[in-house]
Every structure is written in C-alpha cells, then in structure tokens.
S.K.: 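After the structure tokens below, expect a handful of questions from me.
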Amino acid sequence: MKPSDRLNKIPPYLFAEIDRKVDEARAKGVDIINLGIGDPDTPTLPHIVTEMHKAIDDPSTHNYPPYQGTADFRKACSEWMKNRFDVNLDPNSEVLALIGSKEAIAHVFIAFVDPGDYTLIPDPAYPVYKTATILAGGTPYLMPINPENNYLPDLDKIPEDVAKKAKLMFLNYPNNPTGAVANIEYFKKVVDFANKYDILICSDQAYSEMTYDGYVAPSFLQIEGAKDRCIEFFSHSKTYNMTGWRVGFAVGGKEAIKALGTIKNNIDSGVFKAIQNAAITALESPQLNIDDLNKMYQKRRDVLYNGLKELGWNIELPKATFYFWLPVPKGYTSVSFVGLLLEKAGIVVPPGNGYGSNGEGFFRIAITVGEEKIKEALQRMKDAGIRYE
Ligand SMILES: *Cc1c(COP(=O)(O)O)cnc(C)c1O
C-alpha cells in the first residue's frame with residue numbers, strides 16, 4: 001500500500017520538533033506558558049450557545065442541510081456584508097456556507113488550479129495556501145513579505161511569465177502570522193494586477209474584525225468592479241470564539257462561488273443546520289460583543305508590547321490580529337531561539353520559518369492567554385536574560 005505521490009510533495013511539518021520538545025518539557029514537570037496557539041482562549045459568546053441549544057432541539061435541523069447553506073444563513077451573511085462593508089451581494093449566487101474557512105481555502109485551489117499553473121502565495125503565510133497548491137498539482141510562487149515592504153507583496157517583483165501562468169493570488173489582511181494590515185489603496189493595486197493577468201484574488205478575512213485603535217479592515221468587494229475578480233473567506237472562528245464549531249462563509253463573484261460550490265458539493269454535505277442557526281445569531285448580534293473581545297486583546301497587546309520594549313524589541317504596535325511577529329536576537333535562528341525560550345523560560349512559540357522560509361529570523365507570539373500569564377512570560381524572559389539586541 002503506497003500513498004499518492006502528491007502526499008510526498010507536502011513539506012515536512014516544521015512544528016513536529018517543537019511539539020516533541022514541549023512533550024519532553026511537560027514530562028519533566030516544566031510549567032509551560034503556551035504563547036503559540038492561534039485559538040481564542042475565552043468561550044463562545046453565550047447568546048450564540050443559547051441559540052445552539054434551541055436549534056439542536058428542533059428536529060428540522062437534523063437532516064442534510066442544503067449544500068450551499070440555508071437561505072436564512074446566506075441572507076444573514078449578505079446583510080452582514082452590507083452593514084460591515086456597504087457591499088451588495090446576491091445571497092443565492094454570491095454567498096456560500098463553509099465548514100470553517102480552512103476547507104474552502106484548500107478547495108478553491110482544486111477549483112481553479114491545474115497542473116502547470118502557478119499560484120501567488122505570500123511567504124510567510126498560513127501554510128494551507130502552499131500545501132493546497134501542491135495538492136492541486138500547481139506550483140506556488142512565493143512572494144516575500146517583510147518589514148521592508150510593510151508585509152505587502154511587491155507586485156512589481158513578480159516575473160511576467162509567472163504572472164501569465166498564475167491562476168490565483170492569496171492574500172490575508174489582517175495577516176497571520178505577521179499581524180500586518182493593508183489599506184484599500186494596496187487592494188486596488190492588486191485588483192489592477194489581477195485584471196491585467198486574469199487572476200482570481202483570494203482574500204482570507206479570518207481576522208477582519210479583530211482590530212484595534214479604531215483601525216477598520218477593508219474588503220476587496222468595496223472596490224468598484226472588483227467582485228468578479230475575487231472571492232473572500234470569512235470565518236466565525238476568531239471573530240466569535242467559534243473555532244470548534246466549524247462555520248464561516250465565502251463571498252465574491254458568481255463564477256468563483258459556483259466553482260468552489262461545485263467542488264464542495266462533490267466532497268462535503270454542508271454545515272449542520274443547527275450550527276448555521278447559531279452562526280446567524282452571531283452575525284446578527286450587536287458589534288458590541290466583538291468590541292468587548294477586542295478590548296480584552298488590546299489590553300493584553302499593550303502589556304506584551306511594553307514588556308517586549310523593555311527587553312529591547314523595538315517594534316510597531318500591531319493594529320490587528322492576536323499575533324506579534326518578532327525578530328530573533330542576533331546569533332539565533334528561528335528554531336534555535338524558540339528552543340531557548342522553551343528551555344530557559346518554559347515558553348512555547350512557533351518559529352517563523354514554520355510559515356515559510358522567508359519567516360526565518362522571526363518568531364510569533366499569540367496573545368491567547370490572560371494578562372497575568374503574559375506578564376509572567378515577560379518576567380521569565382527577563383530572569384533568563386533573554387533580550388533583543
Ligand atoms: C484561523 C485561520 C483560518 C481559518 O479558520 P477556520 O476555523 O477554518 O475558519 C484561516 N486563515 C487564517 C490565516 C487563520 O489564521
């Protein structure tokens with residue numbers, strides 16, 4: 001029995017070595033502070049859970065759902081998009097329910113990429129974009145993002161022959177792992193580029209609502225005439241503390257939504273209707289609920305920022321996401337530095353190169369633990385003499 005060749009082409013799991021070291025440290029009784037997890041640490045908002053209790057008792061939610069999402073769910077998504085971005089979407093042809101956004105992010109490659117095609121993928125990035133390209137038989141062209149280009153791919157540096165063979169470009173702002181944001185002017189340049197080379201823009205909006213200091217993240221759909229060029233992936237996971245529920249939605253041009261929907265209805269059978277009902281409640285609940293979560297993250301962010309500053313990290317305050325993307329001190333690689341943090345301070349963080357080779361020299365901190373834990377982590381670094389010089 002031999003697995004497919006495509007499986008062998010998936011790059012090795014770079015966090016495996018870290019996972020092993022963490023297990024080892026735990027076994028030795030080390031009190032680990034895990035700042036590695038991109039998963040909210042507080043529960044799903046209670047009114048959503050209450051709606052779920054109601055929905056699951058209703059037998060009409062128990063059979064197969066419509067594969068594209070219930071009419072009510074798609075309507076709630078289009079209304080949310082209208083309120084949030086002032087964009088008009090046809091709930092019947094421009095909205096699709098997702099089993100969390102990750103499956104759709106992977107499936108869109110199956111829908112658009114043939115062997116020999118290029119995809120344009122940022123480096124570092126959420127690993128799915130690259131692996132899904134490989135699974136589809138395509139070739140990822142990695143666009144470096146770094147402090148010099150403000151973590152925005154430099155479109156002028158994409159070779160003409162690559163652009164001509166590229167089927168799609170993936171972007172993710174607010175960004176995981178860097179916490180970077182993009183403005184609408186940059187998005188407009190991307191739309192011009194995509195129009196020129198006939199490329200589908202795939203916009204991962206997992207962190208669209210997790211923003212601070214009054215910053216509001218834009219949508220590609222706000223750009224006149226861009227809808228047919230793009231598909232955006234929204235997720236309930238981070239916005240409403242619903243990572244385990246597996247629900248989100250895609251919006252965009254009819255053609256892209258239809259192509260993704262065709263792949264999906266040949267692979268999955270939709271989102272449990274009770275979860276869709278609860279997800280509607282989330283979308284229709286006051287923005288205030290999200291503001292409260294953001295206030296909590298913002299306080300943690302400020303604590304971490306100030307502490308890191310004292311330790312020598314001179315960085316910009318992230319405007320969005322729950323991530324800090326930090327350079328490792330001189331003399332270390334990403335992997336050797338996260339090893340040091342674990343050994344000397346019992347702190348777990350992912351190495352930057354786990355998100356792409358261009359992430360070498362960086363590590364990521366997630367503020368998905370309480371303020372006290374963040375303070376303790378900073379104190380441990382201080383005590384261990386870990387500083388950025
Ligand atoms: C968390 C995350 C997602 C997906 O989450 P789902 O739970 O599958 O909706 C997508 N993209 C990025 C960049 C993420 O960090």
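Counting convention: from 1, in listed order, for ligands and their atoms alike. All residue numbers in this chain count up from 1 along the given sequence.
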S.K.: Give the residue and atom name of whichever protein heavy atom lies nearest to atom 15 (O) of ligand 1, and the separation in Å to one decimal.
M.R.: Tyr207 OH, 2.7 Å
S.K.: Nearest protein heavy-atom contact for atom 2 (C) of ligand 1: which residue, which atom, what distance?
M.R.: Lys238 NZ, 2.5 Å
S.K.: Find all atoms of ligand 1 within a distance of less than 4.0 Å from any non-hydrogen atom belonging to Asn172, and give their numbers and elements.
M.R.: 13 (C)
S.K.: What's the shortest distance from atom 8 (O) of ligand 1 to any protein heavy atom, and which residue and atom give it?
M.R.: Arg246 NH2, 2.7 Å
S.K.: Looking only at protein heavy atoms, identify the closest one to atom 5 (O) of ligand 1 and say how far it is in Å.
M.R.: Ser101 OG, 3.6 Å
S.K.: With ring centroids as reference points, do Tyr207 and Tyr323 lie under 6.0 angstrom apart?
M.R.: yes
S.K.: Do any nitrogen or oxygen atoms of Thr243 come within less than 3.5 Å of a nitrogen or oxygen of ligand 1?
M.R.: no
S.K.: For atom 10 (C) of ligand 1, grab the closest protein heavy atom and report residue, atom and distance to one decimal in Å.
M.R.: Asp204 OD2, 3.4 Å
S.K.: Starting from the C-alpha separation in whole Å, work towards a yes-or-no answer on side chain to side chain donor-acceptor pair (under 3.5 Å) for Lys273 and Asn63.
M.R.: CA-CA 8 Å; Lys273 278 189 271 183; Asn63 58 353; 2.5 Å; yes
S.K.: Under 4.0 Å from a heavy atom of Gly100: which atoms of ligand 1 are those, numbered in the order shown and with their elements?
M.R.: 8 (O), 9 (O)
S.K.: Aromatic ring centroids of Phe109 and Tyr129 under 6.0 Å?
M.R.: no
S.K.: Among Lys258, Lys227, Arg74, which residue meets the side chain to side chain donor-acceptor pair (under 3.5 Å) test with Glu94?
M.R.: Lys227
S.K.: If the test is side chain to side chain contact (heavy atoms under 4.5 Å, CB included), which one of Asn88, Asp86, Val251, Ile231 qualifies with Leu221?
M.R.: Val251
S.K.: Looking only at heavy atoms of Phe233, does any of them come nearer than 4.0 Å to an atom of ligand 1?
M.R.: no
S.K.: Under 4.0 Å between a side-chain nitrogen and a carboxylate oxygen: does that hold for Arg246 and Asp268?
M.R.: no
S.K.: Taking the six-membered ring for Trp and the single ring otherwise, decide whether the centroids of Trp313 and Phe324 are under 6.0 Å apart.
M.R.: no
S.K.: What residue and heavy atom of the protein are closest to atom 7 (O) of ligand 1, and at what distance?
M.R.: Ser237 OG, 2.5 Å
S.K.: Under 4.0 Å from a heavy atom of Ala206: which atoms of ligand 1 are those, numbered in the order shown and with their elements?
M.R.: 2 (C), 3 (C), 10 (C), 11 (N), 12 (C), 14 (C)
S.K.: Is the backbone of Asn172 close enough, under 3.5 Å, to the side chain of Asn175 for a donor and an acceptor to pair up by distance?
M.R.: yes
